[in-house]
Amino acid sequence: MTKVVDMTDKGNGTNGAELTGAGAKMWLLAFVDRVVAGADELTELDREAGDGDFGWNISSALKRGREGLEGIDEAHPAQAFQTVADAFLASGGTSGPLFGLWFGRLGAGPTAPWGVPELGAAFGTATEAVRRLGKAEVGHKTMVDAMVPATEVLTDATARTWREAVSEAARAARAGAESTGGMVAHRGRASYLGERAKDVLDPGAVAVAWFFESAEGV
Amino acid sequence: MTKVVDMTDKGNGTNGAELTGAGAKMWLLAFVDRVVAGADELTELDREAGDGDFGWNISSALKRGREGLEGIDEAHPAQAFQTVADAFLASGGTSGPLFGLWFGRLGAGPTAPWGVPELGAAFGTATEAVRRLGKAEVGHKTMVDAMVPATEVLTDATARTWREAVSEAARAARAGAESTGGMVAHRGRASYLGERAKDVLDPGAVAVAWFFESAEGV
Amino acid sequence: MSRFFMNERETLVEQALEGFAESHSGLVDVHPDPLFVTRRTPTTGKVALLSGGGSGHEPLHTGFVGQGMLDAAVPGDVFTSPTALQVRAAIQAVDSGEGTVMVVKNYTGDVLNFSIAAELLADTHRVEQVLVDDDLATEREDDGGPGRRGTAAVVAVEKICGAAAEAGVPIAQVRDLGRRVVARSATLGVSFEACTNPETGRRSFELEPGEMEFGVGIHGERGIQTRVIGKADDLVESLVSRLVEAVGLRRSDSVLAIVNGLGATHGLELAVAARQTRRVLDGQGIDITRSLVGPYVTSLDMKGLSITLTALTDDLVKFWDAPVRTPALVW
Amino acid sequence: MSRFFMNERETLVEQALEGFAESHSGLVDVHPDPLFVTRRTPTTGKVALLSGGGSGHEPLHTGFVGQGMLDAAVPGDVFTSPTALQVRAAIQAVDSGEGTVMVVKNYTGDVLNFSIAAELLADTHRVEQVLVDDDLATEREDDGGPGRRGTAAVVAVEKICGAAAEAGVPIAQVRDLGRRVVARSATLGVSFEACTNPETGRRSFELEPGEMEFGVGIHGERGIQTRVIGKADDLVESLVSRLVEAVGLRRSDSVLAIVNGLGATHGLELAVAARQTRRVLDGQGIDITRSLVGPYVTSLDMKGLSITLTALTDDLVKFWDAPVRTPALVW
Ligand SMILES: Nc1ncnc2c1ncn2[C@@H]1O[C@H](COP(=O)(O)OP(=O)(O)O)[C@@H](O)[C@H]1O
Ligand SMILES: Nc1ncnc2c1ncn2[C@@H]1O[C@H](COP(=O)(O)OP(=O)(O)O)[C@@H](O)[C@H]1O
Ligand SMILES: [Mg+2]
Ligand SMILES: [Mg+2]
Ligand SMILES: [Mg+2]
Ligand SMILES: [Mg+2]
């Protein structure tokens, strides 16, 4: 949890127990790539159960985020997350402010490398804020369905390294995203369609699963 | 050429050398049926080489014409043709006034049954009027391409009965209509398409062929 | 799949006119038999201005009846000229003694029926005709074929002649003004998707993905060429360049630009086209002194647009700017 | 096949706004960064009226900026709420000290972003919100879901609040007037063909021949049911009957009827719908005191329409009739 640990970590977060600024940046850049590559998939889900712009919204935001990320000095994870938050806040839509808030709360986390406990605390605050602003609970078929189980894993994590913890969180987020197939939406545009959009996965939840899964290669 | 001939003709024009009022009415009613049944075909030709309304225009006019025909007393061919002319004149479009004029000139023909010479004279005047108003010559890909050869047959006819003469005219009209396939239009909307509409038959010419062919069963 | 919203094909135009007249009952009256539309409050002591043609181009012409523009509009069935008897009745209704100027789009059917109407009234009414033939796509070196089609320049003619008539300009001058506008105008249209035939529910033609029709009119017909759709800016540039040449515009000339939606074109799309129209003209030192952007002369629900340029002079600008109060145009 | 006419998806909204502003340069100004639209000539000493939301609904909201209606419109990307920072900048630009009323269509994204903007300005500006939620199709007996969508009743709210603000009515009353209009309004929409996604060029859904979507909103989404298309009159009757019930209209009540095209619906089709709307209401002794027929709140190039009824009172009629001078509405 000190700069010293960070140094032994080769400065890129690929070996240590803690998430460094460089590690967070790599993670987020991998997320950008995943979303840009899969934008059409997300748009298609939003076309079936929304207004067909989610892939466009999130990939525009993250492309802007990538520019920001490339310019930062990798000091600590908070800075990387805040950079992405700013990009989302300049995006509008529903997902813009909600992801903006989520990453923004992460961006308000400790200004040093994060161990598993810091990770858990940061995601706990962030997810709680999204639930409050969106008035969304698990089962409402939104991004919250992936955020909440992933956050619970991180909060309760017994893993030693951030990578192990996030990898477990990714599995929980994926399961949460999958669970939205078969749900009748209570929030967001999919709720206008009632039973008609039941079988469609929520694109916001899928994006959250992609986010956690993007830590894999870091 | 007198009422007497008409009487021996059983009053329906099916036996005599002259076209009676009843015969003209049957002929025109058969034409109405042919056009109503084939309206979609004409519309399709006009869709490919015009604005897609010809089937509608001509069948609306002729349905109105049918109502008129049912009310007339079958005195002479002129009356029957004039009834159809009135229906066309209440139709608008390009074909409305042109067919209105054509049938109108026929309607100005002799007010007694018509022998072959009367037929030739009436169609001669009528077709000449359409050519003048439409500024259309043979080869311009319009109704005139069927009217002119049919009219020539009638004018030069050596046939004894009107039915024989019209049957020959029908063959000429059909050949004229077929000849419009392969023509680049110089009049009407098909001319806007130039080479692109070359292969499409002119629907107005096809309708004229149907008109002459409708005398067949009378 | 495509489909036209109506009750039955037979009553479409009649019912639409009823609905239209009720929605604008302060401005227009519909006369049912024969069918034509007039101002609610007739204006006498001025030249009457009348136009008409097939339906399916709304708001043209019925939407332009009112103070400062038309005295009457004579609608035919969809894409079908009105009859001479309709036109005659409309002239009789609005001619208050100063004569009538008919604005006729150049189509064989319209020319026939409007001309016959004028002839029928030759003994009792002075009727002058302005023939609108602005569509470059149908220009041909020919033996008296039908000539250029009449398309969106008709809006400029109706607005400018309407203002002149309202101002008390006599019939010959109103007619000549209209002819001057026609002579100074050119239009080109393109289509990205055909319109729906209200009778069959079918599109008037089919395009492959990425294709468009270049040089379309306003009756759902194909254009003069099928082309690949490129960027909006490139297409607009190619249209505007040809118009500039055809109208004979030079540096520091002043124009009216009409960027017209053909029916299903969205406001965003028209605005993108309007933007580039201005840029191309700016680049040649030509000033868009006035512009009109929107669906004014439609081709049912065709997806596409046309651009019209009219070279302006001070008097044309003055008549364009004069007040107008119609269902579709108000200022 | 279907396709959206533009240069590239990235610049669509920005270029369209440039084109729009140039075509109406006497009336509006576009502020590029952050993006919002204001009147060309700001009016001070009155409550500022502001609205906004995703683009793709033009002429809403940008076409309603001008005297007697909005002071500013804040457009987001297509179907995407603008950001809180855009809304904040627009409020700062138009609030001349009498406070700002924001007209917000009820969508999660809009509500979030407009509310955040108001909160950001809480210390320095008085900002009130009118939430428009008129779409009956999305009514649900629910636990605080997003609630009814905001659709075409927003035009009535903007016109009436705009006239009130222009007349010097203070902020709380302008807000309450807007809320009263919302409470007295209901809308239902249907679609015969989906709109084109400008990014993918695909339609937002596919229908079989003869099918339509009942209960659609303005974002290309399916409705609440797929139904067989019948006669126009039957469909309009079923829409109007439900609206009459929802608004609680009784014999001799007076209404504003908005027959709104969703983008690709032709004037003939809207006029047929307007005609039957009047007949159904006449049959129940309800008077269409005012009406508005046209594409005012579109869903890109969706083929379909919505009907809105607003129960009128004398003061609402007065504000509706007050002069307005905007790109899309003039009287
Ligand atoms: N009330 C809400 N709380 C949390 N997430 C929500 C809420 N409403 C929608 N979402 C999420 O937002 C996503 C859609 O985002 P986007 O397409 O940008 O918004 P819009 O619906 O405004 O077009 C949904 O897939 C869902 O995950
Ligand atoms: N100038 C002309 N002279 C003679 N016939 C013509 C002329 N122009 C068009 N036609 C005929 O009219 C037919 C089209 O009629 P219709 O569809 O009613 O007219 P429109 O083209 O006005 O829709 C054509 O098939 C052609 O035979
Ligand atoms: Mg969306
Ligand atoms: Mg035709
Ligand atoms: Mg026609
Ligand atoms: Mg959206």
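Heavy atoms only: backbone and side chains are in, while hydrogens, waters and symmetry mates are out. In what follows, chains carry the letters A, B, and so on, assigned in the order in which the sequence lines appear, proteins first and then strands, with residues in each chain numbered from 1.
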Query raised in the report: Once the angle between the rings of C:H266 and D:F4 is folded into 0 to 90°, is it parallel (under 30°), tilted (30 to 60°) or perpendicular (over 60°)?
Result: tilted
Query raised in the report: Non-hydrogen atoms of chain D under 4.5 Å away: do they reach the side chain of C:L270, the backbone, both or neither?
Result: neither
Query raised in the report: Given that the side chain runs from C-beta out, which part of C:H24 has a heavy atom under 4.5 Å from chain D: side chain, backbone, both or neither?
Result: neither
Query raised in the report: When only pairs under 4.5 Å are counted, which of C:A274, C:G56, C:G267 shares the most heavy-atom pairs with chain D?
Result: C:G56
Query raised in the report: Any salt bridge between D:R279 and C:E22, counting N to O under 4.0 Å?
Result: yes
Report task. Decide if atom CZ of C:R325 counts as having more than 12 heavy atoms of other residues, nucleotides or ligands within a radius under 6.0 Å. Result -> no
Query - Under 4.5 Å from a heavy atom of chain D, the part of C:V259 involved - result: neither
Report task. Answer yes or no: is there a side-chain heavy-atom contact under 4.5 Å between C:T265 and D:D301? Result -> no
Report task. Grab the two heavy atoms, one from C:A16 and one from D:A271, that are nearest each other, plus how far apart they are. Result -> O-CB, 3.2 Å
Report summary line: Applying a strict 4.5 Å limit to non-hydrogen atoms, the region of C:V330 in contact with chain D is both
Query raised in the report: When heavy-atom pairs shorter than 4.5 Å are enumerated against chain D, which of C:E8, C:M302, C:M6, C:Q15 gives the highest number?
Result: C:Q15
Report task. Run the numbers on D:L300 and C:L268 for side chain to side chain contact (heavy atoms under 4.5 Å, CB included), then give the verdict. Result -> CA-CA 8 Å; D:L300 291 173; C:L268 289 174; 4.2 Å; yes
Query raised in the report: Given D:F5, which of C:M212, C:E269, C:K231 fulfils the side chain to side chain contact (heavy atoms under 4.5 Å, CB included) condition?
Result: C:E269
Report summary line: The interface call for C:L292 against chain D, heavy-atom contacts under 4.5 Å, is neither
**Report entry** Top contributor to chain C contacts, counting heavy-atom pairs under 4.5 Å, from D:R290, D:Q276, D:R278
**Finding:** D:R278
Query raised in the report: Going by an N to O cut-off under 4.0 Å, is there a salt bridge joining D:K303 and C:E193?
Result: no
Requested in this report: Report the option among D:G19, D:A257, D:P59, D:A232 that has the most heavy-atom pairs separated by less than 4.5 Å from atoms of chain C.
Outcome: D:A232
